[in-house]
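Inspection log for the structure reproduced underneath, given as structure tokens.
In what follows, chains are A, B, ... by sequence order, proteins preceding strands, each numbered from 1.
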There are 2 protein chains.
Amino acid sequence: MRILLVEDDAEVGRFVRKGLQEAGHTVEHAQNGRDGLFMAASEGFDLLVLDRMLPGGVDGVRLVETLRTQGNHTPVLFLSALAGVDERVKGLKAGGDDYLVKPFAFAELLARVEALGRRPAVDAPATRLRVADLELDLLSRTVTRGGKKIDIQPREFRLLEHLMRHAGQVVTRTMLLEKVWDYHFDPQTNVIDVHVSRLRQKLDKGFDKPLIHTVRNAGYMIRGEG
Amino acid sequence: MRILLVEDDAEVGRFVRKGLQEAGHTVEHAQNGRDGLFMAASEGFDLLVLDRMLPGGVDGVRLVETLRTQGNHTPVLFLSALAGVDERVKGLKAGGDDYLVKPFAFAELLARVEALGRRPAVDAPATRLRVADLELDLLSRTVTRGGKKIDIQPREFRLLEHLMRHAGQVVTRTMLLEKVWDYHFDPQTNVIDVHVSRLRQKLDKGFDKPLIHTVRNAGYMIRGEG
DNA sequence: CTTCCACCAGCAGGATGCGCATGGTGTGCT
DNA sequence: AGCACACCATGCGCATCCTGCTGGTGGAAG
């Protein structure tokens with residue numbers, strides 16, 4: 001795990017850093033909020049361990065708030081001598097994920113760090129799309145309907161993915177040419193029709209409710225019901 | 001948020017339940033570990049709030065451990081009168097995500113509950129593998145080294161994926177034949193050598209530190225340093 | 001030094017994916 | 001009814017691309 005430690009107290013900093021490293025983590029150490037914010041924003045850490053109070057304008061809470069407004073959702077563990085309930089609540093409300101009061105036992109810090117590390121990164125993109133009983137798994141490049149595996153070609157996959165990402169919406173032919181074929185002109189052929197047809201063979205044939213719907217003079221739409 | 005509260009103390013139970021509901025959450029309440037486990041396993045909750053000590057065989061830690069071995073990764077917040085560091089560490093190690101000691105301020109419980117609720121559902125599998133500056137993205141089927149995109153063939157992709165999933169370990173030729181080629185016999189050719197060679201061309205050529213290492217009479221290993 | 005193992009360049013067979021064309025079907029308008 | 005238009009389906013050929021093998025070379029181990 002790549003951990004950023006932001007702590008101005010040199011002694012505590014050394015202590016925590018050493019312990020985390022011995023537990024097998026990679027630790028970067030910033031001494032103040034400004035540097036910490038910069039590093040957290042520019043490098044990809046798995047976890048931030050922040051002192052709640054920091055010298056130099058940017059304290060822990062400000063740091064988290066700033067990161068969160070930038071769309072950075074790295075887990076944050078606060079470390080602080082401010083033990084009051086209000087302080088703890090403030091830290092968590094600001095977007096912190098945990099709050100540990102100094103003095104603390106290193107064993108507990110480590111346990112909490114690893115608890116946070118167990119949770120996945122938040123920017124994880126969706127890995128499977130679903131429309132009714134049709135599932136498309138982006139990871140294994142696999143399509144199933146009603147639990148039955150369906151073999152599918154790469155181009156068909158792209159087409160289906162695009163349709164499913166806009167499930168319930170009409171997708172125009174032009175959009176498909178742009179996004180699935182990377183054509184920026186009209187090929188004057190019926191490529192789309194052909195591939196939609198092939199998709200239908202594979203997805204809808206043998207099932208009572210078709211999922212792919214034609215929208216005359218507009219395009220296609222994938223939808224479960226309605 | 002759908003929250004399952006497992007708490008045997010009726011008073012505390014009522015208090016917490018009421019507070020969470022007033023904050024807009026849906027709360028189910030189980031009075032013992034057995035019921036709690038059953039409910040947690042059969043319904044889909046967003047969060048479990050567990051008393052650490054529970055009557056009737058199944059205590060909080062057991063409950064979490066059981067859930068985790070079942071592949072259930074619902075976030076867990078422990079609530080306990082056991083304040084010792086060892087106890088807290090034990091709870092977190094068992095798979096808990098947070099640990100709050102009784103007596104507690106409701107404001108803090110709420111803040112921690114909502115902090116846990118901010119984190120996403122967890123069944124997401126790893127979507128990218130990394131070894132040093134080499135990254136393999138399972139979703140886009142993309143390989144980059146040092147930020148530079150590298151074109152790669154399907155078979156090479158499978159080979160590389162398998163190596164990276166066992167980074168730092170020797171992967172034998174037999175294993176590769178089984179897992180990458182689905183051969184359950186020795187093809188008596190040097191297919192593997194050839195593909196490893198091709199991978200090397202693409203991954204290691206032009207970089208000073210090679211990542212793919214030969215282990216004579218054993219197999220191959222991918223590793224960043226050492 | 002010898003032997004074995006691993007590496008790499010080139011080659012050719014083969015699979016397969018892809019798009020086009022053709023003919024068919026349905027719908028709506030005149 | 002007749003026509004025009006939009007959409008559907010199948011077969012075919014092209015082309016690309018992948019993959020595995022061969023055979024000669026380099027280097028490590030004994």
Atom pair distance, as rounded to whole Å: CD in Gln153(A) and P in dC17(D): 16 Å
Hey, is Arg112(B) close enough to Asp98(A) for a salt bridge, meaning N to O under 4.0 Å? yes
Send over the distance from Asp151(A) CG to dG17(C) C1', rounded to a whole Å. 14 Å
Residues, nucleotides or ligands: over 12 heavy atoms within 6.0 Å of Arg130(A) CZ: no
Glu156(A) bridged to Lys202(A) by N-O distance under 4.0 Å: yes
In whole angstroms, the gap separating P of dA15(C) from CZ of Arg155(B) amounts to 14 Å
For the pair made of CD1 in Ile212(A) and P in dC7(D), what is the distance, rounded to whole Å? 15 Å
Asn190(A) side chain vs Asp193(A) backbone, donor-acceptor pair below 3.5 Å: no
Within residues 191-208 of chain A: residues closer than 4.0 Å to DNA chain C (heavy atoms): Val191(A), Val194(A), His195(A), Arg198(A)
His162(B) and Trp181(B) aromatic centres sub-6.0 Å: no
Between Glu156(B) (CD) and dC18(D) (P), how many Å, whole number? 8 Å
Select base, sugar-phosphate, or nothing to describe what Tyr220(B) touches, counting heavy atoms under 4.0 Å on all strands. sugar-phosphate
May I ask you to say whether Arg52(A) pairs ionically with Asp59(A), meaning some side-chain N is under 4.0 Å from a carboxylate O? yes
Which is true for Pro187(A) with a 4.0 Å heavy-atom rule: it touches a base, it touches only sugar-phosphate, or it touches nothing? nothing
Establish, with yes or no, whether the OP1 or OP2 oxygen of dC8(D) is under 4.0 angstrom from a side-chain nitrogen or oxygen of Thr214(A). yes
When we call it a touch if two heavy atoms are under 4.0 Å apart, what does Asn217(A) touch: a base, just sugar-phosphate, or nothing? sugar-phosphate
Pull out every residue in residues 171-178 of chain B that has a heavy atom closer than 4.0 Å to any atom of DNA chain C, ordered by number, or say none. Arg173(B)
So, does Thr189(A) get its side chain near the phosphate of dC20(C), meaning an N or O under 4.0 Å from OP1 or OP2? yes
Using atom CD of Gln188(A) as one end and atom P of dA6(D) as the other, report the distance to the nearest whole Å. 12 Å
If you count heavy atoms of other groups shown closer than 6.0 angstrom to CZ of Arg2(B), is the number above 12? yes
Starting at CZ of Arg216(A) and ending at C1' of dC29(C), how long is that distance when rounded to a whole Å? 12 Å
Which residues pass the salt bridge (charged side-chain N to carboxylate O under 4.0 Å, His left out) test with Glu28(A), not counting sequence neighbours? none
For dT19(D), take OP1 and OP2 only and decide whether either is under 4.0 Å from a side-chain N or O of Trp181(B). no
For Arg158(B) and dC18(D), give me the distance from atom CZ to atom P, rounded to whole Å. 15 Å
When you check the gap from the basic side-chain N to the acidic O, do Glu161(B) and Lys179(B) get nearer than 4.0 Å? no
